[in-house]
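Written below as structure tokens is the structure these notes are about.
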Amino acid sequence: MEIYNSLESKASKEFQELLNSQLSKTKNLAEGKIIEGKITKITEKFVFLFIEGLKSEPVLDINELKSMGITDSIKIGEKISVLLERIEDKNGEVLVSATKAQKIKGWHKLEKAYEDEKPILGKIVSKCKGGVIVEHVETGSLVFCPGSQISDKPLKDISDLMNVEQEFAIIKLDKTRGNACVSRRQIISSHKKVDKAKIIERYSVGDIIKDAVVKSYTNFGVFFDVNHGEFDCLVHLQEISYSRINHPDEIFNVGDKHDLKIISIDKEKLQVNCSIKQLSPDPFDHISNYELGKPYKVKVVKITDYGCFCELEPGLTTLLHSSEISWVKKNIQPKKMFKVN
């Protein structure tokens, strides 16, 4: 009655300050929020926490901490992050979870890394259908890596990659389902791209590459391996020879060595185009040796429906049109008149 009658008394003010401080502590506590708890007691089965503002001490099951792999690091007096699930359940107890707090904090960090396009540090912990499970080293969160994203080349055995800390790029994040998809292949490719860019910086148009090795060929050109895997370059079909060529397999075999001349470099696409024919003189420079109206012996190198391609000298080709084969015969078929060579 004394406090009620005299609100300005010293005891009344002390009580008001105490009540306000207690209410301010409780305001900071809300279900679904991650808070810090101080470890006060550790038993064989439970870990007791002190969280300011709560009516009772929250309790963690020791098995929960074992599953997180942090039992060796917990000590009395140290703090641990927990998710406040219930301030008071039907039994009047406070419900908290350390694993859920870890997952939520881990997800926030994955979101931040995804938004900033930064890689995360993880390790492959197990195989699953379609790929592998990767554990985020910092938070312990588990994410999925498809089999196609493990490496930039097919791998029959990944045992040497298991439980090894390495970088992964986050390629997909489903916030609704709480799923994340990562790629090791993207990291490898980006590193190779940086390395390749540095290597290509050393070359210029006009440089001569010695002893490049034929790696493969297609109907449009030949791919060469430069300096034992530094990078690959293309020699287009038109840059192989001054003579007419139908397919690279007429000249090349895989493993053959040839000198190349760099004719273009695309630094954005990291592509190098080379030429073999430009290492030798252009036969057309000798065209002044020939005169109009004079007869010359030529060699048939290709036959088409409209005429024959003939070689005046290696690399210098001329067309003998079907209309110029005979004065008498019309609609003549060149293949009935001539043979290659």
Side-chain angles (χ1 to χ4, degrees), residues 130-132 145-161 166-167 169 171 183-284 299-304 309 311 314-317 340-341:
V132 293
C145 178
S148 61
Q149 296 297 322
I150 296 174
S151 180
D152 59 344
K153 55 186 178 182
L155 294 176
K156 292 183 180 179
D157 184 20
I158 63 166
S159 56
D160 57 330
L161 300 176
Q166 50 200 311
E167 287 187 334
I171 56 176
S183 170
R184 178 176 174 269
R185 175 182 179 176
Q186 199 172 105
I187 298 295
I188 295 171
S189 299
S190 63
H191 287 169
K192 285 186 176 180
K193 191 173 181 180
V194 172
D195 294 340
K196 188 177 180 181
K198 290 179 180 178
I199 291 168
I200 289 177
E201 283 287 339
R202 305 202 303 259
Y203 292 88
S204 303
V205 174
D207 288 352
I208 308 300
I209 298 172
K210 295 288 186 180
D211 296 329
V213 179
V214 177
K215 189 174 182 179
S216 62
Y217 46 73
T218 66
N219 57 355
F220 60 84
V222 186
F223 289 96
F224 284 87
D225 175 25
V226 177
N227 292 338
H228 307 289
E230 276 193 348
F231 63 90
D232 294 342
C233 66
L234 171 68
V235 175
H236 197 273
L237 190 64
Q238 295 176 347
E239 291 295 332
I240 292 173
S241 173
Y242 289 107
S243 302
R244 186 174 291 272
I245 296 173
N246 296 319
H247 196 278
D249 61 6
E250 296 175 8
I251 299 177
F252 300 101
N253 294 307
V254 174
D256 290 349
K257 291 184 178 181
H258 292 271
D259 293 344
L260 310 175
K261 181 180 179 180
I262 297 176
I263 57 174
S264 70
I265 298 175
D266 189 330
K267 292 185 178 180
E268 289 185 3
K269 296 181 179 179
L270 300 178
Q271 294 177 350
V272 178
N273 293 324
C274 296
S275 173
I276 293 175
K277 75 177 187 181
Q278 291 189 28
L279 290 173
S280 56
D282 187 348
F284 202 79
K299 182 172 76 171
V300 178
V301 292
K302 186 180 180 182
I303 301 172
T304 66
F309 287 95
E311 197 174 63
L316 190 58
T317 308
V340 175
N341 297 322

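- Among all heavy-atom pairs drawn from Val205 and Ser264, the shortest one is CG2-CA, 4.0 Å.
- A donor-acceptor pair is defined here as one N or O able to donate and one able to accept, closer than 3.5 Å; such a pair exists between the side chain of Lys277 and the backbone of Gln238.
- Taking OG1 from Thr218 and CG from Asp249, the interatomic distance works out to 10.5 Å, rounded to the nearest 0.5 Å.
- In this structure the side chain of Ser216 never reaches within 4.5 angstrom of the side chain of Val254, judged on heavy atoms.
- By the ring pair (Phe, Tyr, Trp, His ring centres under 6.0 Å) test, Tyr203 pairs with Phe231, sequence neighbours left out.
- Remark: Gln186 pairs with Ala169, Ile171, Ser183 by the side chain to side chain contact (heavy atoms under 4.5 Å, CB included) rule, at least two apart or across chains.
- Between Lys257 and Asp211, no side-chain nitrogen of the basic residue sits less than 4.0 Å from a carboxylate oxygen of the acidic one, so the salt-bridge criterion is not met.
- Take Gln166 and apply the side chain to side chain contact (heavy atoms under 4.5 Å, CB included) test, not counting sequence neighbours, and it matches Ile124, Leu161, Val164, Phe168, Arg184.
- Ring geometry, Phe252 versus His258: the interplanar angle exceeds 60°, so the pair is classed perpendicular (tilted spans 30 to 60°).
- For the pair Cys274/Ile263, no side-chain contact is recorded, criterion being any heavy-atom separation below 4.5 Å from C-beta on.
- In this structure, the side chains of Ile150 and Arg185 stay at 4.5 Å or more apart for every pair of heavy atoms.
- At distances below 3.5 Å, not a single donor-acceptor pair connects side-chain atoms of Asp266 with backbone N or O atoms of Gln271.
- Ile240 is listed as a side-chain neighbour of Val222, based on a closest heavy-atom distance under 4.5 Å.
- Taking each heavy atom of Gln278 and Glu239 in turn, the nearest pair found is NE2-OE1, 3.2 Å.
- The shortest distance between side-chain heavy atoms of Asn253 and Val214 does not fall below 4.5 Å.
- Put simply, the side chain of Val213 does not reach to within 4.5 Å of the side chain of Phe224, judged on heavy atoms.
- When atom types are taken as modelled, the side chain of Lys267 and the backbone of Ala197 share no donor-acceptor pair closer than 3.5 angstrom.
- The shortest side-chain heavy-atom distance between Asp225 and Asp232 falls under the 4.5 Å cut-off.
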